[in-house]
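Report on one structure; see the data block that follows.
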Amino acid sequence: MRAHRRAQRAAVTTGATLLAAGLLAGCGLSEPDADVPADGRPGHTSAAPTPAGPTDSPRTPELPSELTSQRLDWKRCTAPRGGNAPGSAWRCARVDVPLDYADPSGETLSVALIRKEARDKGRRLGSLLFNFGGPGGSGVATLPRAARSYAKLNTRYDLVSFDPRGVAASSGVRCRTDKEQEQAHRNVDLTPDTAAEEAAFIEDAAEFGAGCERRSGTVLPHVGTGNAARDLDLIRRVLGDEKLSYFGFSYGTELGGTYAHLFPHTVGRTVLDAAVDPTADGIGHARNQTVGFQRALENYLKDRGQRPKEGSERIARLLARIDRSPLPTDSGRELSESLAITGIVTPLYSESSWPDLTAALDEAENNGTGNGLLRLADSYNGRDEQGRYDTQSHSQRAISCADSTSRPTVDEARALLPEFRELSPVFGPFLAWDTAGWCAEWPVEGEHETPETSAPGAGPVLVVGTTGDPATPYEGARRMADELGEGVGVLLTNKGEGHGAYGSNDCVTSTIDDYFLDGKVPADGRTCG
């Protein structure tokens, strides 16, 4: 399930449609005189690309001029895999970036970009770059589908997104065939109960990493978030912006925080929505999610007029029955316990999807069939009706494991079970075991225990947290703001449900729009809801 996995899909769905309905209206300000002017304007375009500030250069060798001075060839976009070509207002291009920033004159990768130009060119502020999460989400495919939500920002900004290195059209990582992916979903128990199931669980995890190395070995050591942040800065320079204006969601907040740490003096207007906790290691991240998804489930149960403890225990008993005897579906496929958990997780990302969860649970409990939960799980897992899977889960795992040194053992995961079951009888066992299976025997060493996001000298960064966010629980937003540093991290709280706040609440949306368009920075601690 992994925290960031669903984030990119949620950004498309909630940002473009579901949250547009407005879960909450109005804005309650913790401080009535919250708006203060920003310390600078966003990145203006210049006639030629500009170098990064001198204090940034020790972290990354100077790039050759053939990279920093490259000119982008914007052309009509073709259809992404499994999707439709965007409209005539969109243009696509590719930018060359170093495969290894320690050897910037060596081999390069090609990163895919997409852009929709600002409508009011006379008042254009520059480029606004988006990352919708994942890691592993395709910005090239996502931005056109979500762009209606950002129409106001598009008046003065070029909307720009990209497929990060190792993702989709940018030398995407692939680790398994569709058939192998289907077999794993069918045969591997992600909450093993016996020694044989534990062995199969770890063997499958190791085979996944070995498949990545066989199919994507060249790029695999270089797909981490630090390199993606360096790519962001090169993209900024090639676009001709003095500073980076950036809107990141979920994992995109980790990318944005990493960028701020590496390049504090080129941080422009930046918003980090559904912020990741940068202080959590792999186990801490799983613990945070266990709390977050259980909190969202309990909010759902209360909304249905049910007692949270009793409702959670009922769902846990349902999962135990499915573990013993998978449910049949009309497709001929069976709903396993692992797929059922995924199906329950999916609609918790947005309050608008709670009715889907109700229908799917009613079907499983009363009819003994798993059609609804399987449809939800397939949506989460990127499986279409023809049985084809997208590769976001491949890229996500590769990027996560390249970033993190966390490699818990089976014994360590098993030891977490009592604590995690206490936190959530529904999600706890799944997320405890996930700590051991995620990067088991991964062929590439991780870069750090936790990401570094301190950014002394950067301008204000607006960090948004939603109190009912299941995937990146609210507490992580405060920690992100704190880690960015005093005078940099500015926390905006959304009292509501769902993963991501922009578009779900008029107060949050207008506050972010005012920041991007007019430079109005809210006081740290403002609350909407």
Side-chain angles (χ1 to χ4, degrees), residues 3-4 7-8 10-11 14-15 18-20 22-31 34-35 38 128-133 146 149-150 152-153 245-257 259-260 267-278 288 292 296 349-351 453 455 458-485 488-529:
H4 306 318
Q8 184 265 347
T14 60
L18 296 181
L19 293 188
L23 306 183
L24 297 172
C27 177
L29 303 183
S30 58
E31 299 184 39
D35 288 333
L128 177 58
L129 271 80
F130 290 79
N131 181 281
F132 295 98
S149 294
Y150 313 114
K152 187 171 182 179
L153 298 175
S245 297
Y246 177 80
F247 203 162
F249 300 86
S250 195
Y251 162 78
T253 69
E254 182 177 325
L255 176 58
Y259 180 90
V267 172
R269 294 176 189 171
T270 296
V271 173
L272 308 180
D273 189 358
V276 172
D277 180 358
N288 288 348
Y349 276 84
S350 170
E351 189 175 14
T453 58
V461 173
L462 186 56
V463 181
V464 187
T466 296
T467 55
D469 192 321
T472 52
Y474 170 74
E475 294 81 359
R478 177 73 270 177
R479 294 182 188 123
M480 175 65 84
D482 288 344
E483 288 295 303
L484 285 165
V488 180
V490 178
L491 180 65
L492 174 64
T493 298
N494 173 41
K495 295 183 72 173
E497 301 297 324
H499 187 49
Y502 187 84
S504 71
N505 177 290
D506 290 343
C507 166
V508 171
T509 304
S510 63
T511 300
I512 292 173
D513 287 346
D514 288 347
Y515 171 55
F516 274 130
L517 295 171
D518 300 318
K520 294 181 180 178
V521 182
D524 183 29
R526 172 180 282 190
T527 297
C528 290

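Position 1 is the first residue of the sequence, and the numbers go up from there.
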Rounded distance [0.5 Å steps], NZ in Lys495 versus OH in Tyr474: 9.5 Å
Can you check whether Val488 reaches Pro460 side chain to side chain, under 4.5 Å on heavy atoms? no
Find out whether Leu492 and Cys528 are in side-chain contact, i.e. whether some heavy atom of one side chain is under 4.5 Å from a heavy atom of the other. yes
Shortest non-hydrogen contact from Ala275 toward Ala477: CB-CA, 3.8 Å
Backbone of Asn505 reached by a side-chain donor or acceptor of Thr509 within 3.5 Å: yes
With a 4.5 Å limit on heavy-atom distance, are the side chains of Lys152 and Leu517 in contact? yes
Side chain to side chain contact (heavy atoms under 4.5 Å, CB included) partner of Tyr246, chosen from Leu272, Leu128, Val271: Leu272
Could you check whether any side-chain N or O of Ser510 sits under 3.5 Å from a backbone N or O of Cys507, counting only pairs where one atom can act as donor and the other as acceptor? yes
Exercise: identify the closest heavy-atom pair between Val508 and Ala501: CG1-CB, 3.7 Å
Closest contact, heavy atoms only, Pro473 versus Gly292: CG-CA, 3.8 Å
Treating Arg269 as the side-chain partner and Ser245 as the backbone partner, does any N or O pair qualify as donor plus acceptor under 3.5 Å? no
Stepwise, does the ring pair (Phe, Tyr, Trp, His ring centres under 6.0 Å) test hold for Phe247 with Tyr502? CA-CA 10 Å; Phe247 203 162; Tyr502 187 84; 5.2 Å; yes
Check the pair Phe130 / Tyr150 against ring pair (Phe, Tyr, Trp, His ring centres under 6.0 Å), numbers first and verdict last. CA-CA 11 Å; Phe130 290 79; Tyr150 313 114; 4.8 Å; yes
Lys/Arg-Asp/Glu bridge criterion (N-O < 4.0 Å) met for Lys520, Asp513: no
Side chain to side chain contact (heavy atoms under 4.5 Å, CB included) with Val461: of Val490, Val267, Thr453, only one passes, and it is Val267
Taking side chain as C-beta onward, heavy atoms only, is Asp524 less than 4.5 Å from Arg478? yes
CG (Leu462) and CG (Leu491) are apart, to the nearest 0.5 Å, by 8.5 Å
Over all heavy atoms of both residues, which pair between Ala296 and Gly468 is shortest? Give the atoms and the distance, please. CB-O, 4.2 Å
How far does CD of Glu483 sit from CZ of Arg479, to the nearest 0.5 angstrom? 10.0 Å
With sequence neighbours excluded, tell me which residues meet side-chain hydrogen bond (donor to acceptor under 3.5 Å, both in side chains) with Thr466. Asn494
Between Thr493 and Arg526, is any side-chain donor less than 3.5 angstrom from a side-chain acceptor? no
Between Phe132 and Tyr251, is the ring centroid distance below 6.0 Å? no
What heavy-atom pair brings Gly496 and Thr467 nearest, and what distance separates the two atoms? N-OG1, 3.1 Å
Heavy-atom pair of closest approach, residues Pro278 and Gly476: CD-O, 4.2 Å
Would you sort out whether Asn131 and Phe249 count as a side-chain contact (heavy atoms from CB on, under 4.5 Å), showing the intermediate values? CA-CA 6 Å; Asn131 181 281; Phe249 300 86; over 6 Å; no
Nearest 0.5 Å, please: how far is CE in Met480 from CG in Asp277? 8.0 Å
Residues passing the side-chain hydrogen bond (donor to acceptor under 3.5 Å, both in side chains) test with Asp469, sequence neighbours excluded, are Thr472, His499
